Protein chains: 2
Amino acid sequence: MSIGIRIALNNGLYLKDPQDSKLGKKIIQHSINLIDDFGFECFTFKKLSESIQCTEASIYRYFENKHLLLLYLMNWYWEWVNYLISINTMNVNDPQKKLKIIIHSFVFASNDNPVVEFVNETKLQNIVIAEGGKTYHTKKVDHENSKGFFNSYEVLVNSLSQVILEINPEFRYPYALATNMFEMTNNQIYFAKHLPRLTDISVEENEVNELEEMLNYFLAKLLA
Amino acid sequence: MSIGIRIALNNGLYLKDPQDSKLGKKIIQHSINLIDDFGFECFTFKKLSESIQCTEASIYRYFENKHLLLLYLMNWYWEWVNYLISINTMNVNDPQKKLKIIIHSFVFASNDNPVVEFVNETKLQNIVIAEGGKTYHTKKVDHENSKGFFNSYEVLVNSLSQVILEINPEFRYPYALATNMFEMTNNQIYFAKHLPRLTDISVEENEVNELEEMLNYFLAKLLA
DNA sequence: AAAAAATGATAGTAATACTATTATTTAAAT
DNA sequence: ATTTAAATAATAGTATTACTATCATTTTTT
């Protein structure tokens, strides 16, 4: 019955694949709602179980803890953006065009037609913006990295860095620049909403045109 | 007996000024050690009180909770960098030179001679890098911003953005660029240490020369 | 020496982050 | 359709966290 794609994720992220069951999908759906509404600190498996109307123990059969659930959501997002980029740049050869498409893909990732019915991409992007950094700012980062929990992000960064080098093979910091474009996107949207003195752009109602323009402006100067 | 400067901080950050007493200074000193060693998530006032050999209740007389203590430390850092920048750029008129000095000041903030004996600047910078974002990625950010808890960061960003405009008055995003230089600094140091595929630079033993070079490279291109 | 301020000692509570066990329901295989 | 297996519910329990409260004692200031 389901028409959507299935996002392939590192299976060390979960104990039981949430995409395989009704309850699993509800866990993803409701956790996205709750984290978006109340923030990751306030989010608990108890509240999630109340929201879903299941028991706490059932959730623990899918995810070891809330940190890994967040990392699962981040991986979902990274894979989703990878997917958008790959379908949008298919058959595009001009690297300048590719660059513009990549930027557009991740800046507007939340506006694209949702492909998986239990994931609200808009809310997911809000979570990436507000909570994403917490997945790797942990003492466990090295251990989790060794398990490949950040591979999807690295793939994303790698795609962008390749295009950067196609445009300017002399550019000395393709990975740093690629990473920075992603991080800057999240930061600037967040600052526009909460600490506006730290940015020049405004983001009203998730209208991110100004941000896209700024990223293109930065990249044009850097890669000239 | 104390020779150092006294860092002036927003008094809403604490219940009782830790700079005013022996115990207060110990709280700052030991919290820096503990957060650096074990991470902010593992850090509790219980562990802090054991480390200091005081009671938990005493710590609560200084700080409402560990989040505000972290925000206090961040503010300390921002003020410290503001101080470094202002003394290092005193009597410097050439904006290009000022820019270089500002960059050097915050990239090497931890290497400067410590001025306050109970604050280990190297460890504090590690905390800023690894935990800093957690201070504003909270549901309370708007409320705390309205109390001025991010003013010191805004002052920092403002100083840099003014120099950016002096160099290139046409540059369209001075605040975003300034903010991004600070955020990028922290991110790239962190990635070099933990997720090296996300960057091009290496940082061994807090040796950040490559980072400084990269920031200058980015800024030169952007402000040309 | 008296008063005020700071800290210690102790206790207690609600919430968090789990783990464990057994019962019941649902789905799959034969 | 029946048996078996898998998933979930129901319930209970524990150690830790993040506090708050009270009163005694020590230290500092006047």
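Throughout, protein chains are lettered first and strands after them, A, B, ... in sequence-line order, and every chain is numbered starting at 1. Model, not experiment: these values are computed from the prediction.
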Strictly by modelled atom types, are Thr199(B) and Tyr173(A) linked by a side-chain donor-acceptor pair under 3.5 Å?
-> no

When the ring centroid of [X] is compared with that of [Y], is the distance short of 6.0 Å?
X: Phe38(A); Y: Phe43(A); answer: no
X: Phe191(B); Y: Tyr136(A); answer: yes
X: Tyr190(B); Y: His137(A); answer: yes

Rounded off to whole Å, could you give me the [atom1]-to-[atom2] distance for the [X] and [N] pair?
X: Gln53(B); N: dA6(C); atom1: CD; atom2: C1'; value: 18 Å
X: Asp17(A); N: dA7(D); atom1: CG; atom2: C1'; value: 15 Å
X: Ile52(A); N: dA7(D); atom1: CD1; atom2: P; value: 17 Å

Which part of the nucleic acid, if any, lies within contact of Phe63(B), taking any heavy atom under 4.0 Å across all strands shown: a base, the sugar-phosphate backbone alone, or nothing?
-> nothing

Determine the minimum heavy-atom distance between Thr135(B) and His67(B), stating which atoms define it.
->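 Looks like O-NE2, 3.4 Å.
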
Contacts of Lys134(B) that satisfy salt bridge (Lys or Arg N to Asp or Glu O under 4.0 Å) - sequence neighbours left out |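 Residues passing salt bridge (Lys or Arg N to Asp or Glu O under 4.0 Å) with Lys134(B): Glu41(B), Glu131(B).
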
Hey, does the side chain of Tyr62(B) come within less than 4.0 Å of dT7(C)'s phosphate (OP1/OP2), counting only N and O?
-> yes

Would you say a side-chain N or O of Ser21(B) is under 4.0 Å from OP1 or OP2 of dT7(C)?
-> yes

In B/S/- notation, 5' to 3', how is nucleotides 10-22 of chain C contacted by protein heavy atoms closer than 4.0 Å?
-> ------SSBBB--

Angle by which the axis turns from one end of the helix from dA1(C)-dT30(D) to dT30(C)-dA1(D) to the other, five pairs per end, to 10 degrees =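 The end-segment axes of the helix from dA1(C)-dT30(D) to dT30(C)-dA1(D) are tilted 30° relative to each other.
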
Taking side chain as C-beta onward, heavy atoms only, is Ile35(A) less than 4.5 Å from His30(A)?
->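 No, every pair of side-chain atoms sits at 4.5 Å or beyond.
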
Inter-residue atom distance Met74(B).CE - Phe149(B).CZ, 0.5 Å rounding = 14.5 Å

